[in-house]
Amino acid sequence: MKTEICKSEGINKACKLILDGELVAFPTETVYGLGANALDGNAVKKIFIAKERPQDNPLIIHLADFDDIFKVAREVPPIAFTLFEKYCPGPLTMILKKSESVPDEVTAGLDTVGVRFPSHPLAIQLIRGSAPIAAPSANLAKHISPTTASHVYEDLNGRISLIIDGGECSVGIESTIIDLTQTPPVLLRPGVITLEELSEICNAEKYTGTLDVALAPGMKYKHYAPRVPCVMRKTEMLTSEYELAVKNGKNPVIIATQQTIDSLLNRFNTLSLGENGVSAAHYLYSNLHLAESKYDYVILESMPETGVFFSVMNRAKKSSAE
Ligand code: AMP
Ligand code: MG
């Protein structure tokens, strides 16, 4: 299969592919998604094949308009509307009781469904012109999530027919997932919308169960890993790890906050995460992609686990799982 890359001029073609039961990779503000018609089980199956994704890991349904939520959810508590008004369109996924029209392929057989309203204009156009779209991130399972169309091409070239190029994702890490089927709501995956913010609105709590029966099954899989070894080290250990790697014949790179990089005085290969949690979210995956293409050993700085840094560390720890 030949993989084509288009920009906004390709939207009509993309909509037709979705309605024909094919896959389209598309930009969202979080990361690129690999989409199929969410109401077509056979189309959704193709996502799992293209990505080599385990079948018990459900997908998020992407919608453009609030009213469409009733097509995929059978119970919509008032808090869903409150969160929609505050954060949507935006990087928030809400878990709700699913309606019968949602095929098991989307939810991995669960009785719940994840829904999200992406803010990227091309994502909105694609959904409005076709159907509710089920999508995970548009990368091969386990690999780093894509934040540009060329990241998608690198992983999925030959496996899908179309990639819509909508530029670099602004957020850079996946959506926050909140389970609204529980009282109080439970945070299943942290993102740039933080637990601190959500707990002020709805007393949301952090997930504390075990990963075997994880409510967000994706939590238990290896994730976000570059194709070269990647370790995480405390700020004060970065340079000794780097020197050791050089001694072992490696060409390493340090990925760290700008403050840390400034303190290293240009003596090392570095990639910057910027100065705060939001910038670190934006640069984490793009730096990991760059790192695996130019270097052969990645040293990630261990960051404080507060605010958005907590969500960045959630991904970074998985990228560097030793
Ligand atoms: P990805 O963003 O690529 O990780 O794919 C979507 C993620 O959404 C999955 O990893 C799941 O953990 C999560 N998800 C989707 N649907 C549900 C659901 N019904 N319940 C819990 N988590 C879900
Ligand atoms: Mg993913």
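Position 1 is the first residue of the sequence; numbering continues from there. All ligand and atom numbering here is 1-based and tracks the order in the structure.
Summarising the contacts of atom 18 (C) of ligand 1 with Ile95, Val106, Thr181, the nearest heavy atom is found in Ile95. Of the candidates Thr30, Leu34, Leu96, Ile60, the one placing a heavy atom closest to atom 8 (O) of ligand 1 is Ile60.
In summary, the atoms of ligand 1 found under 4.0 Å from a heavy atom of Arg53, numbered by their order in the structure, are 3 (O), 5 (O), 6 (C), 9 (C), 10 (O). Which parts of ligand 1 touch Thr112 is read off a 4.0 Å heavy-atom cut-off, strictly below it: atoms 18 (C), 19 (N), 20 (N). The distance from ligand 1 to the heavy atoms of Pro136 drops below 4.0 Å at these ligand atoms: 3 (O), 5 (O). Here is the list of ligand 1 atoms found below 4.0 Å of a heavy atom in Ile177: 8 (O), 13 (C). When each atom of ligand 1 is checked for a heavy atom of Pro58 under 4.0 Å away, the hits are 6 (C), 7 (C), 9 (C), 11 (C), 14 (N), 15 (C), 16 (N), 17 (C), 23 (C).
One side chain, Asp179 or Gln182, offers a donor N or O that lies under 3.5 Å from an acceptor on the other. Residues Glu301 and Thr260 bring a donor and an acceptor atom of their side chains to less than 3.5 Å of each other. Checking Ser175 against Thr93 by side-chain atom types alone, a donor-acceptor pair falls below 3.5 Å.
If you look at Tyr285 and His151, their ring centroids are not closer than 6.0 Å. Aromatic ring centres of His143 and His289: separated by under 6.0 Å.
Excluding waters, the set of protein N/O/S atoms under 2.8 Å from the Mg ion (ligand 2) reads Ser137 OG.
Relative ring orientation between Phe81 and Phe84 is described as parallel, the plane-to-plane angle staying below 30° on a 0-90° scale split at 30° and 60°.
Below 3.5 Å of separation, one finds no N or O of Glu174 facing any N or O of ligand 1.
Checked for salt-bridge contact, Lys46 and Glu22 meet the test: a charged N lies under 4.0 Å from a carboxylate O. Between Glu241 and Lys234 there is no salt bridge, since none of the side-chain N atoms of the basic residue sits less than 4.0 Å from a carboxylate O of the acidic one. The pair Glu4-Lys13 meets the salt-bridge criterion, since a charged nitrogen lies less than 4.0 angstrom from a carboxylate oxygen. Ion pairing between Glu29 and Arg116 holds under the 4.0 Å rule for side-chain N and carboxylate O.
Contact annotation: for Lys97 versus ligand 1, there are no heavy atoms closer than 4.0 Å. Only the backbone of Val113 comes within 4.0 Å of ligand 1, counting heavy atoms alone; no side-chain atom from C-beta on gets that close. Using a 4.0 Å cut-off between heavy atoms, Arg189 contacts ligand 1 through its side chain alone, with no backbone atom that close. For Thr93, no heavy-atom contact with ligand 1 is shorter than 4.0 Å.
Note on Ile124: it does not cluster hydrophobically with Leu162, by side-chain heavy-atom contacts below 4.5 Å among ILVMFWY residues.
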Exercise for the section: Step by step, work out the ring-ring contact (aromatic ring centres under 6.0 Å, His included) result for Phe26 and His120. Expected result: CA-CA 9 Å; Phe26 64 101; His120 196 292; 9.0 Å; no
